Protein chains: 2
Amino acid sequence: MVTLSDVAKQANVSKMTVSRVINHPEQVTEELRGLVEAAMVELDYHPNSVAQALVNNRTNVVKFVTLEDIDTTEPYYMNLLFGFARGLTKKQYAFQLVTDLNRIEEGRADGYLITGSRTHNYELFDKLKKPFVLFGENHRGYDFVDTDNQLGEKTATEYALSRLYKQIIFIGLDVKEPFEYSREAGYINTLQKNQLIPKIYRVDNHSHAAQKVIQDHFREFKKDTCFICASDRIAIGVVRELEYQGAKIPEDFGVIGFDGVFLDQVSNPKLTTIKQPIFKMGELLASMLLQKIAQSGSPQGELLLEPKLIRRESTR
Amino acid sequence: MVTLSDVAKQANVSKMTVSRVINHPEQVTEELRGLVEAAMVELDYHPNSVAQALVNNRTNVVKFVTLEDIDTTEPYYMNLLFGFARGLTKKQYAFQLVTDLNRIEEGRADGYLITGSRTHNYELFDKLKKPFVLFGENHRGYDFVDTDNQLGEKTATEYALSRLYKQIIFIGLDVKEPFEYSREAGYINTLQKNQLIPKIYRVDNHSHAAQKVIQDHFREFKKDTCFICASDRIAIGVVRELEYQGAKIPEDFGVIGFDGVFLDQVSNPKLTTIKQPIFKMGELLASMLLQKIAQSGSPQGELLLEPKLIRRESTR
DNA sequence: TTGTAAGCGTTATCAC
DNA sequence: GTGATAACGCTTACAA
């Protein structure tokens with residue numbers, strides 16, 4: 001293993017000069033810096049991050065916390081995870097996976113990314129001793145990254161109108177959370193701007209729950225109705241039941257999902273959906289968290305990313 | 001932060017005695033051990049794994065490598081990942097996610113878990129300088145964990161026969177890999193034992209590819225045929241096309257998948273499938289890898305786990 | 001059986 | 001601007 005000392009010898013300087021070239025290059029004369037950099041390249045030197053971690057009282061580890069009790073096979077998270085991992089690896093960070101908020105402070109970590117949190121979890125957050133960022137919008141002042149949910153459903157609703165669907169119905173999630181309110185607001189505002197009356201059903205995030213709603217109310221739905229769904233899972237259930245009832249998609253009925261991960265492509269017909277930039281969000285969450293750790297916990301603010309409409313086969 | 005020295009003071013012994021109680025308790029008298037343990041509990045002492053890592057020339061980090069170029073949102077991997085993570089966390093290990101085999105040795109890690117590897121990757125493995133284990137069976141002597149693929153399809157085939165399906169057709173994956181050969185062998189051997197003639201189609205692992213095969217050959221399939229599929233993805237395509245053709249599932253046609261992660265439940269009808277113990281495999285892979293690291297790379301052998309038949313709605 | 005000393009690779013501090 | 005020294009928390013090697 002090539003160490004700082006090896007480089008120092010090679011460049012005929014002290015260890016400290018090498019260390020400075022790495023951490024505070026402006027404090028070193030151009031001449032020595034050149035020598036040191038040449039030596040580092042020649043020896044293929046890479047700092048030992050464990051030693052760095054020890055002296056900086058860091059662990060180079062953060063935790064990815066999943067609170068949502070739904071099954072962790074949700075493909076959604078896989079994307080987030082890969083994005084997050086990418087962001088971490090750039091800075092030589094590794095992570096652990098945690099699903100139990102109470103055990104979050106066991107072991108060692110420099111900070112946490114918390115996903116799937118609900119309003120009732122918030123009280124626990126204030127007790128955390130390490131910096132953390134949230135995936136998912138909140139109005140308590142916790143740093144977060146999320147999709148611009150309101151813009152997403154605004155886009156979906158406007159698109160449905162532009163395809164000349166006459167009635168637009170929102171199939172939302174039965175949760176009292178900011179992201180759901182934002183999605184509904186995007187829908188409601190757009191309808192009202194067009195002198196239309198909103199109609200919202202709320203269901204659990206399972207295709208079968210959505211299927212049931214459509215079944216129960218099918219007779220009330222006229223031709224030229226488009227369903228704006230708060231998730232692709234729901235959209236799949238809606239599509240399934242509409243087809244079961246003999247309805248024609250996309251000619252008579254349109255369906256628009258939300259998420260754009262995996263499920264939208266497995267479904268048949270393939271879903272028109274609002275695609276969240278999930279990988280990107282994961283990456284940004286990593287940057288934000290590492291930044292926050294570096295700045296000993298100072299606030300990082302909020303980040304809303306623009307989702308994209310993906311036109312496919314479930315709308316005309 | 002509570003350190004070894006703090007515990008030593010509290011217990012009136014030297015740091016080394018405390019260290020020994022942790023790493024070689026048998027070398028310490030019962031009396032001192034008791035004192036030290038009491039002190040550790042009272043102070044809520046936890047070893048600093050970074051310091052341990054530095055002196056042991058470890059990183060406490062391993063890499064989870066995904067070589068398969070299919071999208072990483074495959075829910076399958078999510079389960080494996082969570083199992084793996086669980087296994088690691090027990091030993092205070094963290095991990096990084098890697099998708100590029102060529103960059104695997106960048107950065108620092110004590111070892112690798114390699115998933116989704118294909119035969120043509122093997123030559124690269126021999127060059128790796130750190131211990132690694134594979135997820136997926138191979139006959140090159142690399143340590144691995146996998147499902148007992150042959151047993152899985154044997155179980156599926158026997159079940160299809162027991163449900164009195166007359167013809168059993170295998171829809172396999174179009175890859176020349178040990179796991180696929182094992183699955184086909186499980187099917188073929190069982191058929192031959194029953195004086196039946198095997199019939200195999202091979203497709204890419206996409207529902208649409210499977211759909212196409214069924215479409216192309218539907219007229220050749222008689223009532224009372226059961227399709228044994230090498231993945232749930234394939235099974236979903238088979239189901240979809242059979243229904244499209246107006247065939248009755250499960251009365252006239254049966255479909256059995258393989259994997260049992262997420263997809264089997266999203267599908268309609270819900271799939272009868274061979275469920276792999278994926279989470280468990282992840283956990284075992286972690287143990288195996290950490291074990292191998294601890295034993296400086298000594299062979300760990302092979303582990304085939306028993307899959308389970310899950311009876312649901314796609315077979316009668 | 002227990003303790004002392006040295007060292008793992010790095011950085012902060014304080015001289016020069 | 002550069003270098004010597006101590007320190008981070010722990011373990012190995014050796015001495016008592």
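Per chain, numbering begins at 1; letters A, B, ... match sequence-line order. Treat the numbers as computed from the prediction; the structure is a model and nothing was measured.
A distance-only check finds a donor-acceptor pair linking the side chain of B:Arg108 to the backbone of A:Pro47 [under 3.5 Å].
Considering B:Tyr112, B:Tyr142, B:Phe144, B:Phe64 as possible partners of B:Phe132, the one that fulfils the ring-ring contact (aromatic ring centres under 6.0 Å, His included) test is B:Tyr142. For the side-chain contact (heavy atoms from CB on, under 4.5 Å) with A:Leu80, the qualifying choice from A:Val261, A:Thr115, A:Thr66 is A:Thr115, the only one to do so.
B:Val50 comes within contact range of no nucleotide atom at all, as no heavy-atom separation falls under 4.0 Å. In this structure, A:Val13 reaches the sugar-phosphate backbone alone: every heavy-atom distance under 4.0 Å involves primed, P, OP1 or OP2 atoms, never a base. Across all strands shown, A:Asn57 has no heavy atoms under 4.0 Å from either base or sugar-phosphate atoms.
For B:Thr17, a side-chain nitrogen or oxygen approaches OP1 or OP2 of C:dG3 to under 4.0 Å. For the OP1/OP2 pair of C:dT11 and a distance below 4.0 Å, the side-chain nitrogens and oxygens of A:Asn23 include at least one atom meeting the criterion. Look at A:Tyr45 and you won't find any side-chain N or O under 4.0 angstrom from OP1 or OP2 of C:dG9.
Ring pair A:Tyr76/A:Phe135 is tilted by interplanar angle, where 30° to 60° counts as tilted.
The NE2-P distance, from B:His24 to C:dT1, rounds to 14 Å in whole Å. Across the protein-nucleic acid pair, A:Asn48 atom CG and C:dT11 atom C1' stand 13 Å apart, rounded to whole Å. Distance CG (A:Asn56) to C1' (C:dT13): 15 Å, rounded to an integer number of Å. One atom, CZ of A:Arg58, and another, P of C:dT11, lie 12 Å apart when rounded to the nearest Å. Straight-line distance from the CD atom of B:Gln27 to the C1' atom of C:dT1: 9 Å, rounded to whole Å. The separation between A:Asp6 atom CG and C:dC8 atom C1' is 13 Å, rounded to whole Å.
Within a heavy-atom distance below 4.0 Å of DNA chain D, no residue of residues 31-38 of chain B is found.
When each of B:Ser14 and A:Leu54 is assigned the nucleotide of DNA chain C bearing its nearest heavy atom, the one mapping closer to the 5' terminus is B:Ser14.
Protein chain A contacts DNA chain D over a range whose 5' and 3' limits, counting nucleotides with an atom under 4.0 angstrom from a non-hydrogen atom, are D:dG1 to D:dG9.
No more than 12 heavy atoms of other residues, nucleotides or ligands lie within 6.0 Å of NZ in B:Lys9, so this atom counts as exposed by the packing criterion.
With distances taken from any side-chain atom of B:Thr29 to the nucleotides C:dG9, C:dT2, C:dA5, the minimum falls on C:dT2. For B:Arg20, counting side-chain heavy atoms from C-beta on, the closest listed nucleotide (C:dT2, C:dA5, C:dG7) is C:dT2.
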(request) Go through the steps for B:Leu151 and B:Glu306 under the test side chain to side chain contact (heavy atoms under 4.5 Å, CB included), then give the verdict. (result) CA-CA 7 Å; B:Leu151 174 61; B:Glu306 187 179 340; 3.7 Å; yes
(request) Let me see the working for A:Phe95 and B:Phe95 under ring pair (Phe, Tyr, Trp, His ring centres under 6.0 Å), right down to the final yes or no. (result) CA-CA 5 Å; A:Phe95 66 103; B:Phe95 67 102; 4.4 Å; yes
(request) For side chain to side chain donor-acceptor pair (under 3.5 Å), just list the numbers for B:Tyr122 and B:Asn138, CA-CA rounded to whole Å, side-chain angles, deciding distance to a tenth of an Å, and then say yes or no. (result) CA-CA 10 Å; B:Tyr122 288 178; B:Asn138 71 85; 4.9 Å; no
(request) Carefully, step by step, assess B:Glu42 and B:Gln10 under the rule side chain to side chain donor-acceptor pair (under 3.5 Å). (result) CA-CA 9 Å; B:Glu42 183 169 344; B:Gln10 174 86 6; 3.3 Å; yes
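Electrostatic pairing of A:Glu105 and A:Lys127 does not count as a salt bridge here, judged by no charged N lying under 4.0 Å from a carboxylate O.
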